[in-house]
Every structure is written in C-alpha cells, then in structure tokens.
Amino acid sequence: MVLDGGKSLSESPPTAKEHVRGSNGFIPHSNGHVPHYKDDKTKKLSEESFEPVPLLVACLTYLGYGMLVLFGYFRDFLRRSGMEKTHSTMERKKMKDFVPLYQSFESFYTRNLYIRIRDCWNRPIASVPAAEFDIVERFSDDGNWHQRLTEKRRRCVNLGSYNYLGFAENSGPCADAAAQALQQYGAGVCSTRQELGNYRIHEELEQTTARFLGVEDAITFGMGFATNSMNIPALMGGKGCLILSDELNHASLVLGARLCSTVIKVFKHNDVEDVERKLREAIINGQPRTHRAWRKILIIVEGIYSMEGSIIKLPDLIRLKKKYGAYLYLDEAHSIGALGETGRGVTEYWGVDPRDVDIMMGTFTKSFGAAGGYIAGPKRLINHLRAYSHSTTYACSMSAPVAQQVISSMKVIMGEDGTNRGQLRIKQLAANAKYFRQRLVEMGFIVYGNDDSPIVPLLLYMPAKIAAFSRELFQRNVGVVVVGFPATPIVESRARFCLSAAHTREMLDKVLDAISEVGDRLQLKYSLLPPTKALPAEECYREVDHLAHQA
C-alpha cells in the first residue's frame, strides 16, 4: 500500500538520521511541489477570529454554572428526602449490586442542568431540511422530563442543517435520478461489497469521486462516522506507531485513533508550531522505553472544524509532514463542496496539490445531501482498504438511491450536467457565509472562525442564555443549533449557524434582524474590538448575480 513517492504505509520508516536529511523531507512529490504562500492574499486566508472571552463575562459564566450545581445538589437532597418526585435518571435501589449505567456526575448533570433546557434540542422536523423547514411543536407538563408532540407545525428558516450546497431537496434532477435508482435497484443492498453487494453504481460513484478530487482512486462507505472509526485502525497497523491528533478533532477520528493500539499525542488546535514541536520530540526520543524509531507517524486533522468554523492551515502541515517523514490524514467532512472555487475542498482553497495529502477522507452527508463517506488517495492504499477495512468486509453496501444522489450532485458541481448551477451554488454559499458573518461582527457579537467558512459560531457564554437564545429565535421562526458544556469549554457556549446555498439574501436579512433583536434583549453583543463595517451586500453577491444573469 503506497503513499507518496512509492513508500508503503506498512513499511518501516527511515532511521532518525534519515528523518532530517533535507529540508523538504524524505517523501518528495514527483512534481517537486512544495506548499508555500504565493502572495499576500493567500497569507490572509489563514487569518481567523478568536476573540478572547471578556473577563467579566467569564466570571459571570462560572458563577451561573456554580449556582446551577448548588441548586442541583439541593434538589438531589429533596429527592432523597421524598419531597422531589422525579427520579428518572437515578439508579433504582434494586440495581445497586450491578455496575452503574451512569457515572455519578453525568447523571447529576443530566437531571439537574440539561433537563432544564432539553426542549432546545432533538426538535422533530416534518419536511425536507432545505432553506426552510417545518418543526413540530412540543410541550412538557413535567419539567422537560418528557416532550409531548402536538399537531402544530412551525415554518422556520433552517440554520442548523449541514445542507451547504442546497442538495437536500425532494425535487429537481438529483431527486429524480435517486428516485429512478430506487425503482431500478430497490432501497437496500442486503450484502457487503465483498460478497453480493457490489453494484455498478458503487463503482461509478468511486470513479466519479476520485475524478472530482484529482486523485488515483477512492473507496466509499455507507456511514460517515464509520469511515473514520473503522479505517484508521486498518491504516495504522498496531504498536510502534504514533498518531498526532488535533485537540478539536471529531469523535469519529478520536475513536478510530483509540482503536489502533497506538500512542496518541494531542496538539493544540491548528497550532503548526505545536505540531512541529511534537514531531521533533517524537523523532528525537523515539518510542517509550525502547527509544526505537516510530514505524509510522500519522497527523490527523479536519478541513473545517464544525464547532469553531476554523480552516486547517494545510500548506504548513504538508511542509511539516514532508520535512519529518510523517503521513497526513485529512478529514474533509465539512470542507468538501463548501470550499474552493469549484468546490474541491480545502486543498483547492489553499492551492495545494491533492496528491500531497496522503489520505483524503470526506462525507456525503453535508454538501451532497446524501449519506456515507469516502477515502481517496493512491490506488495501492485504496486496494489495501478494500481488502482489510472492517467497513468493507462487514458493513452493508451503500443504498443505490443514496449513491445516485451523490453522483448526480457531484456532476452538477463539476458542471457535467451542461449548466452552471453547480458553480452558482458554490458562489452563493461563499457569499452567504461572508455576508452573514460580517454582519454579525458589525452588530457587535463575538464570532469565531474564518470568513470563508460556512459554519459561523456565535458566542453565548452563560448557561441561561443558551436556552433563551434558542427559544427566542424559535418564536421568531428561526431554527438554530445551540451548544454548551461538555460539547464546548465551559465558558464558550455558543450558537452554531450553518449557511446554505439555498438561503436567499432576503432570508438572511430576516434572520439577522431577529438575531440582533434577541442579542439586544439578552445582552449578547460582547465584543470589545473596534467596530468594523461589513462589506456591502452588492459586493458580496457580485459574482452570484453575474452567474445568475448568465444562467
């Protein structure tokens, strides 16, 4: 299984002396490509906003959580004394001799903090998750322990779904092609790819994916989470290997790394200097106790981080992996289709050769409006996964209608449908993301991430404001996702907006007005930075209007 320069991922790495033979590393690309910042504009791509939390806000946030914990212990006392009647998340007395199902603090946190604002999550929808969708209204008569559905539907602007390019739709050419595949192949495959579940449409999907990414080959799977968790162990091969993982990597990457029986070291988020420091230490010190050279060193990162809205500094990581002889695993779940002039993801965004990334992973659940995932790269690497991946050997093949949805949407993005609709969607998403983010910053909110990211986190901080923000926007017909501890640091609770090409400027203006109104009411405009003026809407949407005129 070969990566760059004919080097096998299963072979032993060079010695420590060979690691530092040259500044370009021991795995030179055949075209001699070395990533670099081509101009000032490219340098500017790496600039991101992470305004620190104001001290007063941090203190009030800790105070808010402290009060909730104190009241939680008081309510537990009331439960033990028989005055509080709700015991849903407490272990029953007759189960005391069994291993506890819940850790004590997890159970405490659930019954005393999470339950209070449970109505802000798990809202059932009753339509296609397009730019607007129908949310089923619920009520609770026992303090949010149970949510009861009503017959009412509320039409909301959808700012929570990962429908980046707007392909989550029930009409149009992609939906029609998927319906035709359903008629031809049925809904399920009922077998694995290695047995009787290998359709021609699966091979077409893999060929189209490889062509779209500009690599030799690709392999697809029916589940995005399993694409990471089940394939990283197949690539690493046991002891004597080292994984360097970003501290904010997705749970699927974390699980895949833990299943490898390898040493894992975590580096600071998107911190190139920390990556290089850990690479140097790993090469100098070698493996624990024996100090032998590591068999493989794998750097695992994401293209766009879904909680931060930040974009990975890919050219610097490629330079480091070449310099120190490591491998690079890039998860493009949120960046493929959403970044780059033609939607090719973070490699196109930075202008680097996709063949300089050893393992390219992505999912079809976001930009393509489908399900599943892929791994792409050199043909020998993909052949290895076809033989040894648990996702290939034991998992059922991807449903044919889902595969056809991906093929159709990917061809629209590439312009192979004979229209410029794919390019129009990409430009619309980029314009929406820039316009929405800059307007929020102009209003005085603290917003994380990169201007070009379709994920826009807005910081809420205090626990009471998490629920208030979600409920207030829901009353104004805006559906949002709010996130708090433990999914984020305790002082960095946030609302996460996901922009889509399906959103119109009028929709975003309506949402921005609602957010500003709620922000004033809840006093959420925390930013201490000098006011910045957002670009005029006409400038943000100039390319979109030009393409729409051509169409």
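It should be emphasised that the depicted structure is a prediction, and the values quoted were computed from it without experimental measurement. Residue numbers count from 1 along this sequence. Atoms considered below: every heavy atom in the structure, side chains included; atoms not considered: hydrogens, waters and symmetry mates.
Listed for the Glu169 side chain is no donor-acceptor partner under 3.5 Å among the backbone atoms of Val128. With Ser161 contributing its side chain and Asn163 its backbone, the two residues share no donor-acceptor pair below 3.5 Å. In this structure a side-chain-to-backbone donor-acceptor pair under 3.5 Å is missing from Asn112 to Arg75. Between the side chain of Arg425 and the backbone N or O of Ser500, no donor-acceptor pair lies under 3.5 Å. For Thr61 (side chain) and Val491 (main-chain N/O), no donor-acceptor pair under 3.5 Å exists by modelled atom type. Under the 3.5 Å distance criterion, the side-chain polar atoms of Gln405 are matched with a main-chain donor or acceptor of Phe368. Arg344 places a side-chain N or O within donor-acceptor distance of the main-chain N or O of Phe212, the cut-off being under 3.5 Å. With hydrogens and angles ignored, the 3.5 Å screen pairs a side-chain donor or acceptor of Asn144 with a backbone N or O of Arg116. Counting only distance, with no hydrogens or angles, the side chain of Arg437 and the backbone of Ile455 share a donor-acceptor pair below 3.5 Å. Within the 3.5 Å criterion, the main-chain N or O of Asp76 finds no donor-acceptor partner in the side chain of Arg111.
Atom OG of Ser493 sits about 12.5 Å away from atom CZ of Phe469, to the nearest 0.5 Å. The CG atom of Asp509 sits 7.0 Å away from the CD atom of Glu506 when rounded to the nearest 0.5 Å. Going from atom CZ of Phe71 over to atom CZ of Phe74 covers 8.0 Å, rounded to the nearest 0.5 Å. For the atom pair SG of Cys260 and CG of Leu298, the computed distance is 8.0 Å after rounding to the nearest 0.5 Å. Distance check, rounded to the nearest 0.5 Å: CZ of Arg421 to OG of Ser409 gives 12.0 Å.
Summarising the local packing, CZ of Arg521 is surrounded by 12 or fewer heavy atoms from other residues, nucleotides or ligands at distances under 6.0 Å. For CZ of Arg123, the number of neighbouring non-hydrogen atoms (other residues, nucleotides, ligands) closer than 6.0 Å is greater than 12. Shown here is Phe139, whose CZ atom has more than 12 heavy atoms of other residues, nucleotides or ligands within 6.0 Å.
With hydrogens and angles left out, the side-chain atoms of Gln523 and Asp520 include no donor and acceptor closer than 3.5 Å. For Asn477 and Arg155, the side-chain atoms include no donor-acceptor pair closer than 3.5 Å.
With contacts defined as side-chain heavy-atom distances shorter than 4.5 Å, the pair Leu159/Leu473 does not qualify. Contact of the Leu339 side chain with the Glu348 side chain is not registered, since no non-hydrogen atoms from C-beta on lie closer than 4.5 Å. Using a 4.5 Å heavy-atom cutoff, the side chains of Val69 and Phe108 are in contact. In this structure, Val275 and Asp316 have side chains that are not in contact, with every pair of non-hydrogen atoms separated by 4.5 Å or more. Proximity of Leu512 to Tyr435: side-chain heavy atoms (C-beta onward) are separated by under 4.5 Å at one or more points.
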Inset, instruction - Output, in order, the C-alpha distance, side-chain angles, deciding distance and verdict of side chain to side chain contact (heavy atoms under 4.5 Å, CB included) for Phe436 and Ile515. - result: CA-CA 11 Å; Phe436 191 81; Ile515 292 172; 3.8 Å; yes
Inset, instruction - Report the C-alpha distance between Tyr374 and Phe364 in whole Å, list the side-chain angles of each, state the deciding distance to 0.1 Å, and finish with yes or no for ring pair (Phe, Tyr, Trp, His ring centres under 6.0 Å). - result: CA-CA 8 Å; Tyr374 67 83; Phe364 301 126; 5.5 Å; yes
Inset, instruction - Please lay out, stage by stage, how Leu429 and Leu165 fare under the test side chain to side chain contact (heavy atoms under 4.5 Å, CB included). - result: CA-CA 7 Å; Leu429 174 62; Leu165 293 181; 4.0 Å; yes
Inset, instruction - Apply side chain to side chain contact (heavy atoms under 4.5 Å, CB included) to the pair Glu51 and Leu459, showing each step before the final yes or no. - result: CA-CA 10 Å; Glu51 183 179 345; Leu459 275 295; over 6 Å; no
Inset, instruction - Go through the steps for His503 and Val157 under the test side chain to side chain contact (heavy atoms under 4.5 Å, CB included), then give the verdict. - result: CA-CA 9 Å; His503 291 134; Val157 178; 4.2 Å; yes
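A salt bridge between Asp119 and Arg138 is absent, with no side-chain N of the basic residue lying under 4.0 Å from a carboxylate O of the acidic one. A salt bridge links Lys427 with Glu341; the closest basic N to acidic carboxylate O contact falls under 4.0 Å. Ion pairing between Glu281 and Lys278 fails under the 4.0 Å rule for side-chain N and carboxylate O. Using a 4.0 Å cut-off between a side-chain N of Lys or Arg and a carboxylate O of Asp or Glu, Glu247 and Lys268 do not qualify as a salt bridge. A salt bridge does not link Arg476 with Asp513: every distance from a Lys NZ or Arg NE/NH1/NH2 to an Asp or Glu carboxylate oxygen is 4.0 Å or more. No salt bridge links Glu332 with Lys366; every basic N to acidic carboxylate O contact stays at or beyond 4.0 Å.
For the ring pair (Phe, Tyr, Trp, His ring centres under 6.0 Å) with Tyr305, the qualifying choice from His334, His269, His250 is His269, the only one to do so.
Cation-pi contact between Arg505 and Tyr541: present, with separation from the ring centre below 6.0 Å and deviation from the ring axis of at most 45°. The cationic atom of Arg277 (NZ for Lys, CZ for Arg) does not lie both less than 6.0 Å from the six-membered ring centre of Phe267 and within 45° of the ring axis.
In terms of heavy-atom proximity, Thr363 sits nearest to Met361 at CG2-CE, 3.6 Å.
Relative orientation of the Trp121 and Tyr114 rings is tilted, given thresholds of 30° and 60° on the angle between their planes.
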